[in-house]
Asker: 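Take a look at the following structure, please.
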Amino acid sequence: MTVDQIIRWFQSLSGSGEQAWMFLAAVVITGLPLFLVLATNAIVAVYVERKVSAFMQDRIGPMGQGAGFHAGKWGLLQTVADALKLLLKEDVIPSAADRKLFVLAPYIIFLAPFLAIAAIPFNQVLQVSDLNIGVFYVLAMGSFGVIGLILAGWASDNKWSLYGAMRSAAQIVSYEIPAGLSIIAVVMLVGSLNLQQIIEFQTGTRWGFLPNWVVFHNPFSFLAFFIYFISSVAEVNRTPFDIPEAESELVAGFHTEYSGMRWALFFLSEYANMLIVTAVAVIVFLGGWTSPIPGLFATAGWGLFWFLFKIGILILVMMWFRWTFPRLRVDQLMHVCWKVFIPLAMLNIFGVGVWALGVG
Amino acid sequence: MTEVSFLFILLLTVGSALGVVLSRNLIYSAVFLLFTLLGIAGLYVFLWADFLAGVQIAIYIGGILVLILFGIMLTHKIVSVNISHSSLQRGVGGLLTLALIAFLSWIALRTPWRMVSSQEPLQTVGRIGQELMTNFLLPFEVASVLLLGALIGAALLSRRDT
């Protein structure tokens, strides 16, 4: 279901040519579900994160027990209660803050994943826009959010916010390079930037039993997946790469001064960004909507299930990282990126090229 | 619909470009620049140059604008610095601007423009890649060497003397 298809459907209904209202209606029809996907993702992921962290620390996490108004069975309504609380909170803007930029920044940050998700194929047909340059578009939109982070940190007029924003921007800009380079290796293999074509390249089997995913294609693409995944953890500022929001030194980093719904927008976009980077990992390396058992469960409905299932697994792995690893130091972080990942990713490009020419 | 969205993008580009020049606060100029660059990416999309639009966003917004913002934020008390867009020599400046506008319009009217077909081209990226590797290989390599030189220079400058 792309915007064009909906416009064509409108045209066939009304029997007239393309008009402005058709375009607007088509954009709203496709945009609203995407927003709902991002919002639902945040609500579910916050709940799962609480439960995962609790289990890892031998606690039980949010629970509802006994009679009365509690957070539901197993604390399932905890996030809903949190969201309500955030909605009702006072919206504080510090008097020293730069008001206009302070208000603008959360929207720019949220815009980035919202723009990126428009090109993500959820299964064979469910995709708002099947772009020629799909994977490049998604990566480019990812770099958009950095501006919002910097503005948020600067506009707050708070030294911790500014430090957090600087660290965050430096980290995201650095880790975009190994992430991009490892995707270039795959693009070389597939010969297309189109996300659907990248997925179609991965249908079928490999050695008779493995799904023909890029991650299993050759040793170099296997390594590229790990470089991309670790870099993407750094790009979304999660532990062990969470020095931009390091609670023990920076209070909360770039969103220290935000409260209420504005703070919730930061949270929403953090989880939305997780969804985007894991979606890219799934599409590029893990076969997108293709089934892990080649030939079985291959309908469009199952495609949606497999896509969301793989994303869920990767997000769980990110949470597992968060509650397992300690935070890196700034210099370690930069060392890993510039002196380990970037040379490895370049080697990967070379290796994939040689493999594609030699082995095929 | 195409006209409406084209007009919107045009207004966004020109309006925020004016904002870049006229705002008195350096960081506001940078924020306006964000929307100008976005608008230019939009104009590329209208020319079926989708790859170029992506490059515009990834390089100019994700790279150069971030660097500009870094520079602004690391400068001590940037807000109190009077960068003074206050105009000097308005008469001469105005005349020069008018002359420039006249000159550019003259060129725009004289140039035999190549019209882009309204059909979506089958591939955009592939063509760019082929051209870069065949007809434009030398400029491509020269640019690469230039960038490599910049990279080595930056590493040399930031290196501790040991």
Asker: Considering only heavy atoms and a distance below 4.5 Å, find which of B:D50, B:I61, B:L69 pairs most often with chain A.
Answerer: B:D50
Asker: Please report, to 0.1 Å, the donor-acceptor pairs under 3.5 Å made by any side chain of residues 102-110 of chain B, with sequence neighbours excluded.
Answerer:
unit_1: B:S105; atom_1: OG; unit_2: B:I101; atom_2: O; d: 2.5

Asker: Go through A:F136 and A:M141 one step at a time and tell me if the side-chain contact (heavy atoms from CB on, under 4.5 Å) criterion holds.
Answerer: CA-CA 9 Å; A:F136 184 59; A:M141 289 306 150; over 6 Å; no
Asker: Let me know if A:L151 has heavy atoms under 4.5 Å from chain B in its side chain, its backbone, both or neither.
Answerer: side chain
Asker: Between the main-chain N or O of A:R329 and the side-chain N or O of A:Q332, is there a donor-acceptor pair closer than 3.5 Å?
Answerer: yes
Asker: Below 4.5 Å, heavy-atom pairs only: which of A:L104, A:I108, A:N132, A:V146 has the largest tally toward chain B?
Answerer: A:N132
Asker: Chain A heavy atoms under 4.5 Å from B:L38: which part of the residue, side chain, backbone, both or neither?
Answerer: side chain
Asker: How close do B:T97 and B:G93 get, heavy atom to heavy atom, and via which atoms?
Answerer: OG1-O, 2.6 Å
Asker: Would you mind checking which part of A:Y137 comes under 4.5 Å of any heavy atom in chain B, side chain (CB onward), backbone (N, CA, C, O), both or neither?
Answerer: neither
Asker: For the pair A:Y258 and A:F102, name the ring-plane relationship: parallel under 30°, tilted 30 to 60°, perpendicular over 60°.
Answerer: parallel
Asker: Heavy-atom distances under 4.5 Å only: say whether A:L193 touches chain B with side chain, backbone, both or neither.
Answerer: side chain
Asker: Name the residue from A:V284, A:I117, A:I276, A:L131 that meets the side-chain contact (heavy atoms from CB on, under 4.5 Å) definition with A:V138.
Answerer: A:I276
Asker: Could you go through B:S16 and B:T36, starting from their C-alpha distance and side-chain angles, then the distance that decides it, and tell me whether this counts as side chain to side chain donor-acceptor pair (under 3.5 Å)?
Answerer: CA-CA 5 Å; B:S16 49; B:T36 314; 3.2 Å; yes
Asker: Could you list which of residues 169-186 of chain A have a heavy atom closer than 4.5 Å to any heavy atom of chain B, in residue-number order?
Answerer: A:A169, A:A170, A:V173
Asker: Pick one of side chain, backbone, both or neither for B:V125, based on which atoms fall under 4.5 Å of a heavy atom in chain A.
Answerer: side chain
Asker: Taking A:S161 for its side chain and A:G153 for its backbone only, find out whether a donor-acceptor pair lies under 3.5 Å.
Answerer: no
Asker: Between A:Y228 (side chain only) and A:V277 (backbone N and O only), is there a donor and an acceptor less than 3.5 Å apart?
Answerer: yes
